[in-house]
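First the structure, in the form of structure tokens, and then the observations on it.
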Amino acid sequence: MFLLLPFDSLIVNLLGISLTVLFTLLLVFIIVPAIFGVSFGIRKLYMKTLLKIFAWATLRMERGAKEKNHQLYKPYTNGIIAKDPTSLEEEIKEIRRSGSSKALDNTPEFELSDIFYFCRKGMETIMDDEVTKRFSAEELESWNLLSRTNYNFQYISLRLTVLWGLGVLIRYCFLLPLRIALAFTGISLLVVGTTVVGYLPNGRFKEFLSKHVHLMCYRICVRALTAIITYHDRENRPRNGGICVANHTSPIDVIILASDGYYAMVGQVHGGLMGVIQRAMVKACPHVWFERSEVKDRHLVAKRLTEHVRDKSKLVTVALPGNQLCPVFQYDPQFGDAFWNSSKYGMVTYLLRMMTSWAVVCSVWYLPPVTREADEDAVQFANRVKSAIARQGGLVDLLWDGGLKREKVKDTFKEEQQKLYSKMIVGNHEDRSRS
Amino acid sequence: MGSRASTLLRDEELEEIKKETGFSHSQITRLYSRFTSLDKGENGTLSREDFQRIPELAINPLGDRIINAFFPEGEDQVNFRGFMRTLAHFRPIEDNEKSKDVNGPEPLNSRSNKLHFAFRLYDLDKDDKISRDELLQVLRMMVGVNISDEQLGSIADRTIQEADQDGDSAISFTEFVKVANFFLILVETEVSLLLRLVSNS
């Protein structure tokens, strides 16, 4: 130990210098390709290596569990209730039919046993329901060395724990600072760049600069998240003067789309850091930002959007409604959980979670344009677009919208159920009084 | 690892719940995962609001009554044990249980307990009788505003007339059970619920 003393400060200095150099080299290595839109393929290689490690880890866990005779918790992704779609009337008739010997067309008006229908339906939804299920993050069948996605994390073997520890070290001590540095660079460049461009007079030069500033910064941000994106059907990429709709899983969607094309965005005004970014961006490019209160006024929204689109010189708009539409995006949950439960985590916590995951892997499909037919009204058109997106992503087209996560259910749905039931018992009552 | 680790289900607890409710190992873990996902406050118990957040339950006309059934008298929180105990009432009776030892404690999902559960949905004041008012209340919940007070009143009167045997214009538990259809209905309900409760082998 005494030997080290005179060399202490020297070693510390050397260490400091080499780390800084390494860091800067990395930054340059990552930022420069981002500026030119080139990729070295490092991220894909990273992904492949990770996959191999995960497969090994899962095997090890399963083997370990079998040895100890543990019930390894395998998430049951199909839900616990096998539902077959039947209507209220059919089910109540079935309940009555099983007890009554009377013919079906002469069913009595009300039976004490009718309560069983509502009771059973209630119990089933408590055990499992379509909507809440969709809003919980997917449970994985293989373990990706992130303890947050595995409920059953128990000590299985030394090797596995060491691997997990190594993973933590790499993610928090190497990847995280790197990513934060990149994100910081990206965001500040975006804010500064767009503000500067904003001072230029409107014209083609301004647009050209604006486009490249936007693209460059988004590409840096994409690398900040280590997002590995596969674009499908790029020939369908939206061109000038149209509206593009995408599903919205998290704010990362914006970054992913915007790094591949220059869009004018439509979204809600945020406070804090996001607000600063939004205000800067709007100086260089005509994005449309709405207040939450304005959103409630559908006519105002429609007016502003049509004004924007009609101006043919403006760019394609991307609307990111908070609806449970199904993806143009699809995230691979193996590398990190991109799902944002906004009622549980704030934005910064969410981003930190993203940055301490391995990567964000997703696929983007560009769907061919859909034009409104002459005899369709707005709602039908919207539903048609929604189903097209749902079909592509292979997910279920839900009637509910994402707002249900937060708000209380609208009473109209309950009233519908009551109406159906009343029709059943009153309808029969009328038949009776007639005969 | 976060708060999740502190709420992991321990093996001994799992065994106790299995014995008490009769659910299988995998069903209990699955329902535990469901419990934790409903528990937004992450404190190991569910409040009434946690239940009301389930959209399909919130639109169920009898939703509030069903939620009440989970909470013991005067309490506002239910833990996982209590949650499972209530759910156990609806677990179908499997064949190998039918000929179980008669002297043992009655299983939670016995026919009698199931009927008690349904009875309690009607009998709000817990006086072991369903009065005309209580019946009207439940009927009103099920039909909403679509039927007039008069019509609803006559439906209630008719039902009580048909069921009442001791002339007290109310339905006692024994009379409730005697409404002959019940046992047969229960068999059917159980079979369909059994088919629906898919278990992980």
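Residue numbers begin at 1 in each chain, while the letters A, B, ... track the order of the sequences. Every value quoted in this text rests on a predicted model; they were computed, and no experiment measured them.
- In this structure, A:Ile126 and B:Ile66 have side chains that are in contact, with non-hydrogen atoms separated by less than 4.5 Å.
- Heavy atoms closer than 4.5 Å to chain A are found in the side chain of B:Phe83, but not in its backbone.
- Residues A:Phe118 and B:Pro61 form a side-chain contact, since some pair of their non-hydrogen atoms from C-beta on lies under 4.5 Å apart.
- Within 6.0 Å of CD in B:Gln161 there are 12 or fewer heavy atoms belonging to other residues, nucleotides or ligands.
- Residues meeting the side-chain hydrogen bond (donor to acceptor under 3.5 Å, both in side chains) test with B:Glu16, sequence neighbours left out: B:Arg81.
- Using a 4.5 Å heavy-atom threshold, the side chains of A:Lys121 and B:Asn60 count as touching.
- Neither the backbone nor the side chain of B:Ile67 comes within contact range of chain A; no heavy atom of the residue lies under 4.5 Å from a heavy atom of that chain.
- For the residue pair B:Leu121 and A:Cys119, the shortest heavy atom distance occurs at CD1-SG, 3.2 Å.
- Using a 4.5 Å cut-off between heavy atoms, B:Ile130 makes no contact with chain A at all.
- Residues B:Met141 and A:Gln418 approach most closely at O-NE2, 2.9 Å, considering heavy atoms.
- Here CG of B:Leu57 is found 4.5 Å from OG1 of A:Thr125. Values are rounded to the nearest 0.5 Å.
- Side-chain atoms of B:Phe117 and A:Met123, non-hydrogen and from C-beta on, do get closer than 4.5 Å to each other.
- Heavy atoms of B:Leu152 lying under 4.5 Å from chain A are absent altogether.
- A donor-acceptor contact shorter than 3.5 Å is absent between the side chain of A:Ser422 and the backbone of B:Asn146.
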